[in-house]
Enquirer: 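Have a look at this one before I ask anything.
Residues: numbered from 1 along the sequence shown.
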Amino acid sequence: WEEMFRAYVQNQAQNLKHAELLPTSKNFFLACGSLQRLFLYSKRTSGNTFSSGGGGGGAGGRPRGDSTIEKLKTYLDPEYKFSQSRCLQALPIARELYQQDLPQYYTAAEHEQQLKKVYQSFHRNVRGPATEQYLGRLKEECTRIWRNGRQIGEDNQSG
């Protein structure tokens, strides 16, 4: 029995050597520290969220525990890490595509039409659990471009 166990452990160790998406030891210990802070020093609020024992939430009104869980995803979840990598590569390309062939000033309808084109392109190039998060980020960035001096009102349109 001991021989079988030893062979099994050696086989698993060999498999680990060939895994490409395992976290580095640094990231592993950062994740452990985050878990420790999350579970030992945070109090549970409603649902599956945690908030800091010191009171107050994180940026954007979200409890701080949410950002900790997001960090854990990036450190420990290889599927999320791969998806995030694809999204980060596709984001600048999609942003450029949004700005391509647009007039200096354009309406909300043109903005929405361009967003649809960009969404389709983005979805063709990305996969996985990070897609929705980065799709939201893409929408925010494109909307910021439009509102930052390129927006015209529907009532101000003229030939």
Side-chain angles (χ1 to χ4, degrees), residues 18-35 37-39 41-159:
H18 301 292
E20 296 177 6
L21 296 175
L22 288 176
T24 63
S25 60
K26 177 184 175 185
N27 286 343
F28 175 79
F29 288 114
L30 284 171
C32 289
S34 294
L35 279 173
R37 286 188 300 280
L38 177 67
F39 293 119
Y41 304 116
S42 298
K43 60 182 177 182
R44 195 148 185 57
T45 60
S46 63
N48 290 328
T49 61
F50 292 84
S51 65
S52 169
R62 290 186 341 200
R64 289 186 185 144
D66 285 352
S67 65
T68 302
I69 290 172
E70 291 301 315
K71 287 180 186 176
L72 287 175
K73 281 183 185 176
T74 61
Y75 292 144
L76 300 176
D77 185 358
E79 184 180 2
Y80 186 85
K81 191 173 184 178
F82 175 77
S83 177
Q84 182 182 42
S85 172
R86 295 286 299 255
C87 289
L88 286 171
Q89 290 173 350
L91 201 60
I93 297 166
R95 205 173 27 242
E96 284 181 33
L97 180 64
Y98 172 80
Q99 296 179 70
Q100 188 176 357
D101 300 326
L102 279 174
Q104 176 129 9
Y105 303 102
Y106 48 100
T107 65
E110 290 171 300
H111 167 68
E112 290 298 323
Q113 187 63 33
Q114 198 72 352
L115 277 178
K116 285 180 186 177
K117 184 171 105 176
V118 168
Y119 285 177
Q120 290 171 348
S121 172
F122 192 75
H123 273 293
R124 280 192 301 268
N125 294 302
V126 298
R127 303 279 182 277
T131 301
E132 291 305 313
Q133 175 187 352
Y134 283 90
L135 197 58
R137 184 170 160 185
L138 176 63
K139 182 179 182 179
E140 288 174 7
E141 290 180 14
C142 292
T143 301
R144 190 176 317 120
I145 291 168
W146 176 56
R147 289 189 175 151
N148 208 13
R150 299 187 77 174
Q151 176 180 7
I152 58 173
E154 302 295 326
D155 57 341
N156 294 340
Q157 291 188 77
S158 60

Enquirer: Name the atoms and distances for all side-chain donor-acceptor pairs under 3.5 Å in residues 91-100, with sequence neighbours left out.
Expert:
| from | atom 1 | to | atom 2 | distance (Å) |
| --- | --- | --- | --- | --- |
| Arg95 | NH1 | Glu141 | OE1 | 2.3 |
| Tyr98 | OH | Tyr106 | OH | 2.9 |
| Tyr98 | OH | His111 | ND1 | 2.6 |

Enquirer: Is there a donor-acceptor contact under 3.5 Å from the side chain of Ser83 to the main chain of Glu79?
Expert: no
Enquirer: Rounded to the nearest 0.5 Å, what separation is found between the CD atom of Gln114 and the CG atom of Leu102?
Expert: 4.0 Å
Enquirer: Look up atom CD in Glu110 and atom CG in Asp101, then write down how far apart they are to the nearest 0.5 Å.
Expert: 12.0 Å
Enquirer: Check whether any side-chain heavy atom of Tyr134 lies under 4.5 Å from a side-chain heavy atom of Leu88, and answer yes or no.
Expert: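 They are in side-chain contact.
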Enquirer: Please report the interatomic distance CG(Leu135) to CD(Glu140), rounded to the nearest 0.5 Å.
Expert: 10.5 Å
Enquirer: Please round to the nearest 0.5 Å and tell me the distance separating atom OG1 of Thr143 and atom CG of Leu138.
Expert: 9.0 Å
Enquirer: By the side-chain hydrogen bond (donor to acceptor under 3.5 Å, both in side chains) test, which pairs, at least two apart or in different chains, include something from residues 118-128?
Expert: none
Enquirer: Write down the atom of Val126, the atom of Arg86, and the distance for their closest heavy-atom approach.
Expert: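 Heavy atoms of Val126 and Arg86 come nearest at CG1-O, 3.8 Å.
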Enquirer: Work out which heavy atom in Ala90 is nearest to a heavy atom in Phe122; give both atom names and the distance.
Expert: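 Answer, listing the atom of Ala90 first, then Phe122: CB-CE1, 3.8 Å.
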Enquirer: With no hydrogens and no angle check, just 3.5 Å: does a side-chain donor-acceptor pair link Tyr80 and Gln133?
Expert: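 Yes, because at least one side-chain N or O of Tyr80 sits under 3.5 Å from a partner of the opposite role on Gln133.
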Enquirer: Without swapping roles, check the side chain of Ser85 against the backbone of Lys81 for a donor-acceptor pair under 3.5 Å.
Expert: no
